[in-house]
Participant: 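Take a look at the following structure, please.
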Protein chains: 2
Amino acid sequence: MSETDPRAAEQAPSARPHTGRRRNEAAHRAILDAALHLLADSDGTPVTIDAIARTAGVGKQTVYRWWPSKGAVLLDALTDRADRDVSDQPDTGSLRTDLRAFIETTFDAAQRSTTASALRTVVREAARDPHLAELMQTFTATRRTALHELLARGRERGELDGGADLDLIVDQVYGLFWYRFLLGHAPLDAAAAERLAATLTEGNRVS
Amino acid sequence: MSETDPRAAEQAPSARPHTGRRRNEAAHRAILDAALHLLADSDGTPVTIDAIARTAGVGKQTVYRWWPSKGAVLLDALTDRADRDVSDQPDTGSLRTDLRAFIETTFDAAQRSTTASALRTVVREAARDPHLAELMQTFTATRRTALHELLARGRERGELDGGADLDLIVDQVYGLFWYRFLLGHAPLDAAAAERLAATLTEGNRVS
DNA sequence: CGCTTGACAAGACTAGCAGTCTCGGCAACC
DNA sequence: GGTTGCCGAGACTGCTAGTCTTGTCAAGCG
């Protein structure tokens, strides 16, 4: 995008590959591992950068050299774990079955012992950190899109009313999920997933 | 509860009514007004106790003499306003109509210009302040109970399935509400209220 | 080998905020 | 006029995010 700039070639990464000491990958991993470990048994209490650096046996500046803010580290640590949990949704041909499976998977993944308190902590931090909130939103967007497509398939098959508001249904799923997940006053179990899927399909079927 | 304790009478408020200077009601009101005013145009950014005290023309210690924490002040200021907004729900005899009205009222009340950012700020603070979170929960409990009773009336009239999970329906309403209210990515308008009420009644009607 | 570059650990430092403490003053009632 | 307790002002502690400094160490280059 900068071919018109004669200095671009000089600044391009290939022009002068690297000099000086190389990045320490062990430190990089140690930071992510420390962050995830601290998040995992933090149970909602904030995790400090000092604690992460100390646990990783690393200087604070090394953390800030590779991440712009505390939130970025936390989210990176979380996605590092969550990426392994993403699974494609099966297409059984029944909206209600697909939806129930999607919701149940979401509930289960969030409540895995290693993930749960990490996720809770990050969301709580995001409530006060606009930058982290934005990162979170792109993080959740993929899941929202997947659900939206699942619903669109069902609507095309005639299992939902043509005028159904898919965005609203998506928000009903994630609204309930976050509400119960963060407050913890009621279960996010298979029964809840089943009932939620039933309500949403029955309440929006072709009239 | 302490009649067996001989010191109870001495410690009872009537034993020694009061000595010393009286509480300054003007300062009390000035603090609440300052808090509400700052909350109203804070748009999510935290409100500091220093700012409240300075705006109210009051010493910080005066704030902490009457409220135990920052969260308590904020919530007190908020409820001071919200109490005037509570209205009884009409019982039209139709669950769907009652539910639609309840949801729409909730949406509207939360989005009143003076309330909206105040509520957003308090909830964001509550994410990091367990004490405030607890206060918030008793604050919202009244509204949740009202909705639950509205649903129970409908179920008794046979408008909902006998096995319907009313707690889940309540959480679906407030889950969606908070989700959209806090993220602000989609509207909380009359159309959304209408569709939500329709989905919930249709999706849980007698089978 | 010696030089330059840049990552590294350690930790001092700044800035902002919640909540506490101290002080001198003032109002109410004895 | 003395005691009690509220008041405004502001210093102070403790905690945390993020920056800056210092001295060191590793990687390539000539």
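Quick note: numbers below take in every heavy atom, side chains included, and nothing from hydrogens, waters or symmetry partners. Within every chain, numbering begins at 1; the chains are lettered A, B, ... in the order of the sequence lines, protein sequences first and strands thereafter.
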Participant: Could you tell me whether the side chain of B:R180 and the main chain of A:D171 form a donor-acceptor pair under 3.5 Å?
Facilitator: no

Participant: Roughly, in whole Å, what's the span from CD in A:E125 to P in D:dT16?
Facilitator: 11 Å

Participant: How long is the line joining CH2 of A:W66 and C1' of C:dA9, in whole Å?
Facilitator: 15 Å

Participant: Looking at B:S117 and B:A40, would you say the former's side chain and the latter's main chain have a donor-acceptor pair under 3.5 Å?
Facilitator: yes

Participant: I want to check one thing: is the phosphate of C:dA7, taken as OP1 and OP2, less than 4.0 Å away from some side-chain N or O of A:T62?
Facilitator: no

Participant: Sub-3.5 Å donor-acceptor pair from the side chain of B:R155 to the main-chain atoms of B:A164, do we have one?
Facilitator: yes

Participant: Could you give the CZ-to-C1' distance, from A:R65 to C:dA9, as a whole number of Å?
Facilitator: 10 Å

Participant: Could you tell me which residues satisfy salt bridge (Lys or Arg N to Asp or Glu O under 4.0 Å) with A:R128, sequence neighbours excluded, listed by chain and number?
Facilitator: B:E125

Participant: List in chain and number order the residues that pass ring pair (Phe, Tyr, Trp, His ring centres under 6.0 Å) with A:H28, two or more places apart in sequence or in another chain; answer none if no residue qualifies.
Facilitator: A:W67

Participant: Send over the distance from B:R128 CZ to D:dC15 C1', rounded to a whole Å.
Facilitator: 12 Å

Participant: Is it the case that the side chain of B:R96 and the backbone of B:E202 share a donor-acceptor pair, with hydrogens and angles ignored and the cut-off at 3.5 Å?
Facilitator: no

Participant: With the side chain of B:A27 defined as its heavy atoms from C-beta on, choose the nearest nucleotide among C:dC8, C:dA9, D:dC7.
Facilitator: D:dC7

Participant: Which of residues 130-138 of chain B have a heavy atom under 4.0 Å from DNA chain C?
Facilitator: none

Participant: Are the side chain of A:Q111 and the backbone N or O of A:L188 linked by a donor-acceptor pair below 3.5 Å?
Facilitator: yes

Participant: Charged N to carboxylate O below 4.0 Å: is that the case for A:D167 and B:R195?
Facilitator: no

Participant: Hey, what's the ring geometry for A:F107 with A:F177, parallel, tilted or perpendicular (30° and 60° as the breaks)?
Facilitator: parallel

Participant: Output the residues of residues 46-56 of chain A in contact with DNA chain D, where contact means a heavy atom of the residue under 4.0 Å from an atom of the strand; sort by number or write none.
Facilitator: A:V47, A:T48, A:I49

Participant: Report the distance from atom NZ of A:K70 to atom C1' of D:dT19, rounded to the nearest whole Å.
Facilitator: 17 Å

Participant: Going 5' to 3' along nucleotides 20-30 of chain C, which nucleotides have protein heavy atoms under 4.0 Å from the base (write B), which only from the sugar-phosphate (write S), and which from neither (write -)?
Facilitator: BB---BBBBS-

Participant: Would a 4.5 Å heavy-atom cut-off, applied to side chains only, mark B:Q172 and B:T199 as touching?
Facilitator: no

Participant: Applying side-chain hydrogen bond (donor to acceptor under 3.5 Å, both in side chains), which residue pairs with at least one partner in residues 34-43 of chain B are found, sequence neighbours left out?
Facilitator: B:S42-B:T121

Participant: Whole angstroms only, please: what is the NE2-P distance between A:H28 and C:dA9?
Facilitator: 13 Å

